[in-house]
Number of protein chains: 2
Amino acid sequence: MKETGTVKAVSDSTVRRLSAYYRRLSEMEEEGIEIASSKELATRNGVTPAQVRKDFSLFGKFGRRGQGYTVKDLKEAIAKILGVGRGWNVALVGLGKVGAALFHYKEFRKQGFNIAAVFDNDPAKQGGHIGDAEIYAPERLKEVVQEKGIGIGIVSVPGEAAQAAVDALVMAGVRAILSFPMRRVVVPEGIHLRYVNMAVEMEGLSFLLANPGSKRHRSSPEGVR
Amino acid sequence: MKETGTVKAVSDSTVRRLSAYYRRLSEMEEEGIEIASSKELATRNGVTPAQVRKDFSLFGKFGRRGQGYTVKDLKEAIAKILGVGRGWNVALVGLGKVGAALFHYKEFRKQGFNIAAVFDNDPAKQGGHIGDAEIYAPERLKEVVQEKGIGIGIVSVPGEAAQAAVDALVMAGVRAILSFPMRRVVVPEGIHLRYVNMAVEMEGLSFLLANPGSKRHRSSPEGVR
DNA sequence: TCATGTGAAACGCTTCACAGCT
DNA sequence: AGCTGTGAAGCGTTTCACATGA
């Protein structure tokens, strides 16, 4: 129930699992389940109970010995740890097919990410709206990012334009970027960057089919990811 | 230059990095670069040279001491390891906004993944076409999967329908599945499953912004993923 | 001399096993 | 009795450092 103020070094895998727990807890809440043990959470996430407890233990003590965890409280605690629900404003750069699909992705807003501004090179789109978001010329990135308090950028431009888009976001003061193009981009120290790349996942599957028997039978039994 | 026939246990991270190397090698080929050292590949992928050499060493000897690797040969070797370029036939289940965006994702076909059939619940879509692919009713999954030799399935249906879609693919004989809904699904032993989940990545970024100083300064300097 | 390929060391993450509470 | 929280052990992955060979 109590959180330590200390922020320890937390691994990427732990953070990913926290996301997964968070989603399972939402589902359990909808199912009307009020108490969850580490065993139950482990089953629902394809990890071990010890892993679940260890993950939580990095951030504080959220359960009651002999009882388990209160679903509602735990969910709120994880939300706080992840920083979701505090309503991040997000900039979407690149309104092609992928960008448009992202924009309409409902779950996204539900998790507290608000696409506050959209940027696209195409003058025909500029000045228009998608949903309730205005579409701006990329030149206005800095101005709009600062005006709207945008902290996270999503890049969905063609590969050739990816680095320029990232640079512009960084210049505008955005400190975290999610990039969809396959092209690798570089960011200065201190800027957080992640990729979403479906091709990597497909090639991973391809590898598994092409190399039967190569599979590590460790880590998350057909895991979190 | 020589591959061992033995398939060792290969970690997930290694396979992901192979995907990344593969992409960088394609870029280098386009740039007209013919020789690459592990150092060069490391720089371009944000990993260490030793990591690059170790990754390759799991599959054979692809370089020449004192020289480096031939870009073209190495790229082909990795393609073979990953099993790309052998033209996988893929089934796309769920033709909503996400499904449609995936269908039109060009890079995808370029990497040798061919969406050979599309399935959707909506009778209005069934019997029609998207691109050169026919749209079928889900009931015909098994028949079509076997007829077209489909080995991989992509699930882009709403969360509530995810498990049913996965079950149907498995029943149809598909052995590898890429799932987009946030809902966790289960598959029998031996079926390969991966998720693409943008929310996890966004929450990861959110965590990093909400917990400054929590970042592990290990593993791929703003890494492969 | 230069860069690969690779055992061995270092490191970090996961699992174990039990003390501590309820 | 039951389940959490956690130091310590176990194990897999990354890095080191050097032998090997061009």
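Chain letters run A, B, ... following the sequence lines, proteins first and then strands; every chain starts at 1.
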Whole Å only: how far is the [atom1] atom of [X] from the [atom2] atom of [N]?
X: A/Glu40; N: D/dG2; atom1: CD; atom2: C1'; value: 16 Å
X: A/Leu58; N: D/dG7; atom1: CG; atom2: C1'; value: 14 Å
X: B/Lys39; N: C/dA3; atom1: NZ; atom2: P; value: 8 Å
X: A/Phe59; N: D/dT4; atom1: CZ; atom2: C1'; value: 17 Å
X: A/Gln67; N: C/dT22; atom1: CD; atom2: P; value: 10 Å
X: A/Phe56; N: C/dT14; atom1: CZ; atom2: C1'; value: 16 Å
X: B/Asp55; N: D/dT15; atom1: CG; atom2: C1'; value: 12 Å
X: B/Asp12; N: C/dC13; atom1: CG; atom2: P; value: 16 Å

From [options], pick the nucleotide closest to the side chain of [X]?
X: A/Ser37; options: D/dC3, D/dT14, C/dG5; answer: D/dC3
X: B/Arg53; options: C/dT4, D/dT14, C/dT14; answer: C/dT4
X: B/Ala50; options: D/dC16, C/dA17, C/dG5; answer: D/dC16
X: A/Thr48; options: C/dT15, C/dT4, C/dG5; answer: C/dT15
X: B/Arg65; options: C/dT15, D/dG2, D/dG21; answer: D/dG21

### Task
Using a 4.0 Å heavy-atom cut-off across all strands, classify A/Tyr69 as base, sugar-phosphate, or nothing.
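Sugar-phosphate, backbone atoms only, no base.
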### Task
Pick base, sugar-phosphate or nothing for B/Lys54, based on heavy-atom distances below 4.0 Å to the nucleic acid.
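Base contact.
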### Query
Is it the case that A/Asp167 and A/Gln163 place a side-chain donor and acceptor less than 3.5 Å from each other?
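Indeed, the side chains of A/Asp167 and A/Gln163 share at least one donor-acceptor pair under 3.5 Å.
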### Query
Quick one: do the B/Tyr21 and B/Asp55 side chains pair a donor with an acceptor below 3.5 Å?
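On atom types as modelled, these side chains qualify, holding a pair under 3.5 Å.
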With respect to the phosphate group of [N], does any side-chain polar atom (N or O) of [X] fall under 4.0 Å of OP1 or OP2?
X: A/Gln51; N: C/dT15; answer: yes
X: A/Ser38; N: D/dT4; answer: yes
X: B/Arg17; N: D/dT14; answer: yes

### Query
Hey, does B/Met202 have a side-chain heavy atom less than 4.5 Å from the side chain of A/Ile152?
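Counting from C-beta outward, A/Ile152 and B/Met202 do come under 4.5 Å.
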### Message
Taking the nucleotide of DNA chain C with the nearest heavy atom to each, does B/Gly66 or A/Thr14 sit closer to the 5' end?
### Response
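So the residue in question is B/Gly66.
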### Task
Measure the spacing between CG of A/Leu209 and OG of A/Ser214 and express it to the nearest 0.5 Å.
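OG of A/Ser214 is found 9.5 Å from CG of A/Leu209.
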### Ring-face cation contact, B/Phe103 with B/Arg109, 6.0 Å cut, 45° max
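Satisfied, under 6.0 Å and within 45°.
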